[in-house]
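Scroll down for the structure; my scribbles are underneath it.
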Amino acid sequence: MSQKGLPSRKDDYSAWYNELVKRADLAEHSAVKGCMVIKPYGYAIWEMMQQELDRRFKATGHQNAYFPIFIPKSLFEAEEKNAEGFAKECAVVTHYRLKSDPDNPGKLIPDPNSRLEEELIVRPTSEAVIWNTYKNWVQSYRDLPILLNQWANVVRWEMRTRLFLRTTEFLWQEGHTAHATLEEAMHETRQMLSVYADFAENIMALPVVKGIKSENERFAGAEETFCIEALMQDGKALQAGTSHFLGQNFAKAFDVKFAGKDGKLEYVWGTSWGVSTRLMGALIMAHSDDNGLILPPRLAPYQVVMIPIYKSDEQRAVVMEKINSIKKELEKINIRVKLDDDDSQTPGYKYAEWELKGVPVRLAMGVRDVENGVIEVVRRDKARGEEGQKTIEQIATIIEKIPAILQDIQESIYRKAIKFRTENTAKVDNYEDFKRLLDEKPGFLLAHWDGTPETEEKIKDETKATIRCIPLDATEEEGTCIYSGKPSTKRVLFARAY
RNA sequence: CGGGAUAUAGCGUAGCCCGGUAUCGCGCCUGUUUUGGGUACAGGAGGUCGCAAGUUCGAAUCUUGCUAUCCCGACCA
């Protein structure tokens, strides 16, 4: 039984995804139910995401801080809607000590004498503990705004998990801001949505639709939830980021008030926004092919992999000298380079290996090439045998060409994703077409909706499709709801979703 | 949490119905050979058969319980 190939996307999309995640060394299942181990190569990609996002957060005036993983139940309960929304998936700490089990030598049990007076909730999100803290930080309008972000792990006890897409514990960042006015908080909410969209499109090469969630899909405790929605290669939608306008809900729950210039006390306005390791899933499912991962250069831990080809030690010396000097030159212009000089593997093996791991550019060079002053360049964004996948370049000019090639790959991956989304987005005007397309050609469906949660719920029950968002750029047009026939003024975005 | 399936060496697997301590491939180690798309040959190491009980002279195989994973539902980012 050969382990060479991946399952194909066409035959079994889930198997393809699961295998790819494991085989590309991104992550694996752990001994803990629903929790994953993120492996070094996968974590390196996450770190690239973190860097890019963190830079953008700082550039928009935010600072990082850290709040505890545990939330006393009484705090957690304070904002009722939020608490209700998460109650079903909370891990709860009840004891702080273990002891030897008297009935079972060598085993441990929670010490009954160490039961906590008040249970601690493992954070599914941190609004409660953060707003409880903000209460102490805010007295005057001079204390506002508070613009914080934290990088953290959270726990949501899910029934069914999948590597990166839905795990019991996951990594994310959560921004929590407090403002003096509604306008400012709303501006912050929209600004961070734009930051996410910019990151997704320019760094992840992932086209996204910016929109507003319907009431059903809104974050518990928010007045309005904004999101970016992306389309995966199997035609399912994936929510890639959310930004919430919290109104004064948490300020009221935690009694966070400030004195304005006029001396009047008013509740603070809030926002929160986050993206998670789920983005890794989006990255994989949006771009990769049956040969493995395809990474956009701006996120690739290695942008270029170099593979030397030689027979004898003498040849090795010749090739390695040249290839090392090229490597140094590339590093000088901040290209992330991996030189795979492992003698125990053949070049062919390395080609397959780095292809599986999605490195954007492969440079291969043997003695012949050194003699001829050339180097082979292979692009991961093009299929094997496709025009332009392999080219022979002059060593003399390769250094200056690589940045342009990487840029071109970044753009071509994005264009390809845009093309896919365009081809898999359809306007539908009746329920029959809607249902038919969901099965025959899954993707984004733009359809009129009467605006009621009841209709959305019924469509969901009957078709499994949900309203991903009401696109921000939706054009006003007269129409009738595909389900109820009632009047509607704009189309909303439907899809089956992850 | 419901329905179905699976769990055997690092990975992928055969054996299970019809009980007798385990098959094959990849990988790993040694040597030779090869190296421009997953080299070839020879030799070698590696297994509490998911865990725990039970039935039996004897359990990977039969029974029960537990755990984990996958698929389908419900729930959710």
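Heavy atoms only: backbone and side chains are in, while hydrogens, waters and symmetry mates are out. Naming: A, B, ... by sequence-line order, numbering from 1 per chain. None of these values were measured; they are calculated from a predicted model.
- Nucleotides B/A60 and B/A68 are separated by 24 Å at their P atoms, to the nearest Å.
- The listed nucleotides are B/G38, B/G36, B/C75; the one nearest the side chain of A/Lys88 is B/C75.
- Phosphate contact (OP1/OP2 of B/U39, side-chain N/O of A/Thr346, threshold under 4.0 Å): present.
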Would you list the atom pairs, donor with acceptor, under 3.5 Å between side chains in residues 24-38 of chain A and any protein atom, with sequence neighbours excluded?
unit_1  : atom_1 : unit_2   : atom_2 : d
A/Asp25 : OD1    : A/Lys39  : NZ     : 2.8
A/Asp25 : OD2    : A/Lys357 : NZ     : 3.3
A/Ser30 : OG     : A/Val32  : N      : 3.0
A/Ser30 : OG     : A/Val32  : O      : 3.1
A/Ser30 : OG     : A/Cys35  : O      : 2.6

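- Contact of A/Arg156 with B/C76 (side chain to base): no donor-acceptor pair of N or O atoms is detected under 3.5 Å.
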Are there any protein N/O atoms within less than 3.5 Å of an N/O atom in nucleotides 65-74 of chain B, and if so, which ones and at what distance?
unit_1 : atom_1 : unit_2   : atom_2 : d
B/U69  : OP1    : A/Gly34  : N      : 3.2
B/U69  : O3'    : A/His29  : NE2    : 3.4
B/C70  : OP1    : A/His29  : NE2    : 3.3
B/C72  : OP2    : A/Arg160 : NH2    : 2.6
B/A74  : OP2    : A/Lys464 : NZ     : 3.1

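- Distance check on atom P: B/C51 versus B/C57 gives 24 Å, rounded to whole Å.
- If you check distances only, the side chain of A/Lys390 does reach the base of B/G37 with a donor-acceptor pair under 3.5 Å.
- Going from atom CD of A/Glu217 over to atom P of B/C76 covers 8 Å, rounded to whole Å.
- Among the duplex regions that RNA chain B forms, those built from at least three successive Watson-Crick or G-U pairs under 3.5 Å are B:1-7 with B:67-73, B:10-12 with B:24-26, B:28-32 with B:40-44, B:50-54 with B:62-66, ordered by first number.
- Here the separation of B/U23 from B/C41, taken at their C1' atoms, is 23 Å to the nearest Å.
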Which pairs of donor and acceptor atoms, one on a side chain in residues 7-16 of chain A, lie under 3.5 Å apart (sequence neighbours left out)?
unit_1  : atom_1 : unit_2   : atom_2 : d
A/Ser8  : OG     : A/Asp11  : N      : 3.1
A/Ser8  : OG     : A/Asp11  : OD2    : 3.2
A/Arg9  : NE     : A/Asp290 : OD1    : 2.8
A/Arg9  : NH1    : A/Gln233 : OE1    : 2.6
A/Arg9  : NH1    : A/Ser288 : O      : 3.1
A/Asp12 : OD1    : A/Ser14  : N      : 3.4
A/Asp12 : OD1    : A/Ala15  : N      : 3.2
A/Tyr13 : OH     : A/Met285 : O      : 3.2
A/Trp16 : NE1    : A/Asp289 : O      : 3.1

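- Residue pairs meeting the side chain to side chain donor-acceptor pair (under 3.5 Å) criterion with at least one partner in residues 83-93 of chain A, sequence neighbours excluded, do not occur; the list is empty.
- The separation of B/C66 from B/G25, taken at their C1' atoms, amounts to 33 Å, rounded to a whole angstrom.
- Side chains of A/Thr189 and A/Ser243: a donor-acceptor N/O pair is absent below 3.5 angstrom, by distance only.
- B/C11 sits 15 Å from B/C49 when the P atoms are compared, rounded to a whole Å.
- Look at the C1' atom in both B/G47 and B/G37: the space between them is 35 Å, to the nearest Å.
- Taking the C1' atom of each, B/U8 and B/G12 are spaced 12 Å apart, rounded to whole Å.
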Distances under 3.5 Å only, N/O to N/O: pair up the protein atoms with those of nucleotides 7-9 of chain B.
none

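- Of the charged side-chain nitrogens involved, none lies within less than 4.0 Å of a carboxylate oxygen, so that A/Glu371 and A/Lys322 do not count as a salt-bridged pair.
- Between A/Phe219 and A/His244, the ring planes lie parallel to each other; the angle is under 30°, not in the 30° to 60° tilted range.
- Atom name C1', nucleotides B/C18 and B/U34: the rounded distance is 49 Å, in whole Å.
- No contact: A/Leu238 has no heavy atom under 4.0 Å from any strand.
- Contact annotation: side chain of A/Glu355 to base of B/G37, donor-acceptor pair present below 3.5 Å.
- Residue A/Pro347 has its side chain nearest to B/U35 when only B/C76, B/G37, B/U35 are considered.
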